[in-house]
Amino acid sequence: MVYKHDAKPEVLRIEELINNVKSGDIKLPKFQRPFVWKKEDILALLDSIYKRYPIGSILLWLTREKLASERRIADLEINERPEEYPTNYLLDGQQRLSTLCGALYWDGNDPKSIWNISFDLDKETFIYPEGDDRIEYFPLNKLLGTFDFINTCRRFEGHPKKEKFEENARGLLESVKDYKIAAVTIGDMTVNEVAPIFERINSTGRRLTMVDLMRAATWSGEFDLSNVIDSVRDTLSVKNFDGIAEIEILRNISSVNGYGFNKDDINKLRDLSSATLQESAGKCMGAYKHAVDFLTSELPITSNTYLPYSLQLTFLVDFFNICPTPTINQRNQLKRWFWKVALSRYFASFNTAQITMDIKQVRDFARGEIEELLITKPVDYEKFVTEDFRLNKASSKTFALLLAQNQPKSLLDGTPINTSKALAVINRHEYHHIFPRAFLKSSGISNIDLHANICLLNMGNNRTISDSRPSVYFKQLEYQLGENLEEVLLSNYINQEAYQAALDEDYDQFIKVRSSLIVTEAKKLVGDN
């Protein structure tokens, strides 16, 4: 018997170990990272085995918990044993065990496979044959099968080095078949108790995420969290929302069951039946479609990349799960809520108590029990317009959306800017310093990257303006835009006063006036005016 926290060692030969994998007695849980070893790592392991060097032990977890596991390890198909528990799950040794399974049981179909490995019987080294079929190259996938081994050795007949090749082939077979690996087994522990053990022995320092644990804990033949996450992403890819974080989708699977977003609430999914989880996945998918439709039709958002905070979408999905067809007032309130959350940096820091209250408010609003969504955190408008523009920050993403909200026209030629394209991916080349950086630096001005100095601009126009002095290229605008000058300028939050400041190359005055216009629009969007 294996007791809790006890480590039960057992010595297994390589062939026994792989047979345990083939039979399904050892499974690879889905919270393991993918196979990452390179060719040189694989060859080094095989060389260590041949030379009888120690390669370390493997760690198994013997449990009755039914967890999501991989159907294949390397190219080796794993037998299904759905009714036979307890089962051993591999916690440590994935890269080594995958290498052995892949190299010794390669199916031989793809010559370019990472598992197409031979042993050079002349030089006694492991190699990738690279298409060469030389007599001295012994394919590793022909090693363990008795008939395969004999037939391969028959190729040496008549070769001058027959005796050497046969001797080294037998030595290779003995070194692999007789090599013993210590398998340490722990048992009678929950997946949450095993998690810190896995994290500690994981050489990469990769921590198990909540998604990893729930992927394993909720798996069944009828429900696979990985498939659900992939389906949500695939469905939303047409609107560039396929980059949604796994944890947010998991939170929404929890929320459609009436639970919250925190760890304790998500853990309650363990107790739900596969049928309930599958139904939850369908509800989650529907709510995501409604939420993304709302964001892309009523707000200037064309990809999840430009969401200031991922929780904004998570809350919207929670809302649309309850209320898929909101009233006009509710839609207007949701837009105000979106802008207020973004501009106030509401989700820059949060705690469980705050999130719990927010969930209740959103759900009450979705049910029509309250008429508005309140965000009490104030907006620091002065900080917003004078902050440096960096597209990896939530505030700058918010500013980019504010620019797009105004349906800007390109400064030089007045053509409408394709904000859908500009905001599809993070691309700094779509943005322009109105007072060029080189000009400001030459003038001894340091605060050159302020939000209030940034506008959206077609890349062609951006290159044309380049580092021109504002007094030069702004003077040309009147000639190029003619009677459309005012309209084009205002679409970029530049009025006549700001335009004159640019002509005068008065940076401070320009920033002051343009900031005022931007703040006025921001206040309008959140209902602070």
Side-chain angles (χ1 to χ4, degrees), residues 24-34 61-73 77-91 94 189-195 198 208-237 241-292 310 313-314 317-318 320-322 324 359:
D25 185 57
I26 294 177
K27 296 182 184 294
L28 184 65
K30 279 188 178 277
F31 55 66
Q32 285 274 19
R33 63 180 177 150
W61 170 36
L62 183 65
T63 179
R64 293 186 179 275
E65 290 205 38
K66 298 181 180 181
L67 306 179
S69 60
E70 300 294 345
R71 303 297 175 88
R72 299 174 72 88
I73 293 183
E77 191 77 32
I78 299 170
N79 292 341
E80 287 296 312
R81 298 175 57 196
E83 304 302 326
E84 294 187 34
Y85 286 88
T87 291
N88 286 296
Y89 292 98
L90 182 66
L91 293 184
Q94 178 204 354
M189 301 173 71
T190 67
V191 68
N192 280 335
E193 290 173 313
V194 164
F198 174 84
L208 283 176
T209 67
M210 193 67 193
V211 176
D212 292 326
L213 296 175
M214 296 309 297
R215 181 184 283 117
T218 60
W219 179 86
S220 70
E222 294 76 38
F223 181 82
D224 187 329
L225 180 59
S226 293
N227 291 343
V228 172
I229 290 172
D230 289 343
S231 294
V232 170
R233 286 173 162 174
D234 289 346
T235 300
L236 301 179
S237 63
F241 272 76
D242 50 321
I244 301 168
E246 290 185 335
I247 184 60
E248 302 304 335
I249 297 174
L250 179 59
R251 283 170 172 162
N252 281 126
I253 294 174
S254 173
S255 75
V256 299
N257 284 285
Y259 305 148
F261 298 157
N262 61 45
K263 181 178 179 180
D264 290 339
D265 282 321
I266 293 173
N267 265 320
K268 295 176 183 177
L269 295 176
R270 300 169 181 269
D271 301 325
L272 301 181
S273 67
S274 298
T276 300
L277 287 170
Q278 197 61 40
E279 182 182 358
S280 304
K283 290 181 179 178
C284 187
M285 178 73 79
Y288 261 104
K289 288 179 182 178
H290 286 300
V292 170
S310 59
L313 176 56
T314 309
V317 172
D318 193 42
F320 279 101
N321 174 59
I322 297 172
I359 290 174

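Atoms considered below: every heavy atom in the structure, side chains included; atoms not considered: hydrogens, waters and symmetry mates.
Atom-to-atom distance recorded for L236:CG and I249:CD1 is 7.5 Å, nearest 0.5 angstrom. Rounding to the nearest 0.5 Å gives a distance of 7.0 Å between CD of E246 and OG of S226. A distance of 10.5 Å separates CZ in F261 from CD1 in I247, rounded to the nearest 0.5 Å. The distance from atom CZ of R251 to atom CE of M210, rounded to the nearest 0.5 Å, is 10.5 Å. From I253, atom CD1 reaches atom CG of L277 across 8.0 Å, with rounding to the nearest 0.5 Å.
Salt bridge status for D265 with K268: present, with a side-chain N to carboxylate O gap under 4.0 Å.
Side-chain N or O atoms of S280 include one that pairs as donor or acceptor with a backbone N or O of T276 at under 3.5 Å. Not a single donor-acceptor pair under 3.5 Å links the side chain of N257 to the backbone N or O of Y259. Within the 3.5 Å criterion, the main-chain N or O of S310 finds a donor-acceptor partner in the side chain of T314.
Of all heavy-atom pairs spanning G260 and S254, the tightest one is O-OG, 2.7 Å. Nearest approach of L250 to M214, heavy atoms of both residues: CD2-CG, 3.9 Å. Residues V317 and C284 come closest through the heavy atom pair CG1-O, 4.5 Å. Summarising the geometry of T218 relative to L269, their closest heavy-atom pair is CG2-O, 4.2 Å, with the distance given to 0.1 Å. The minimum heavy-atom distance linking S274 with F223 is given by the pair O-CB, 4.3 Å. Residues A287 and F320 approach most closely at O-CB, 3.9 Å, considering heavy atoms.
Looking at heavy atoms from C-beta onward, L313 lies in side-chain contact with I244 at the 4.5 angstrom threshold. Between E248 and Y288, the closest side-chain pair of non-hydrogen atoms falls below 4.5 Å. Side-chain contact check for T235 versus M285: some heavy-atom pair is nearer than 4.5 Å.
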> What do the steps show when you test N88 against T63 for side-chain contact (heavy atoms from CB on, under 4.5 Å), and what is the final call?
Replying inline: CA-CA 7 Å; N88 286 296; T63 179; over 6 Å; no

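Taking the ring centre of Y89 as origin, the terminal cationic atom of K27 falls outside the region bounded by 6.0 Å and 45° from the ring axis.
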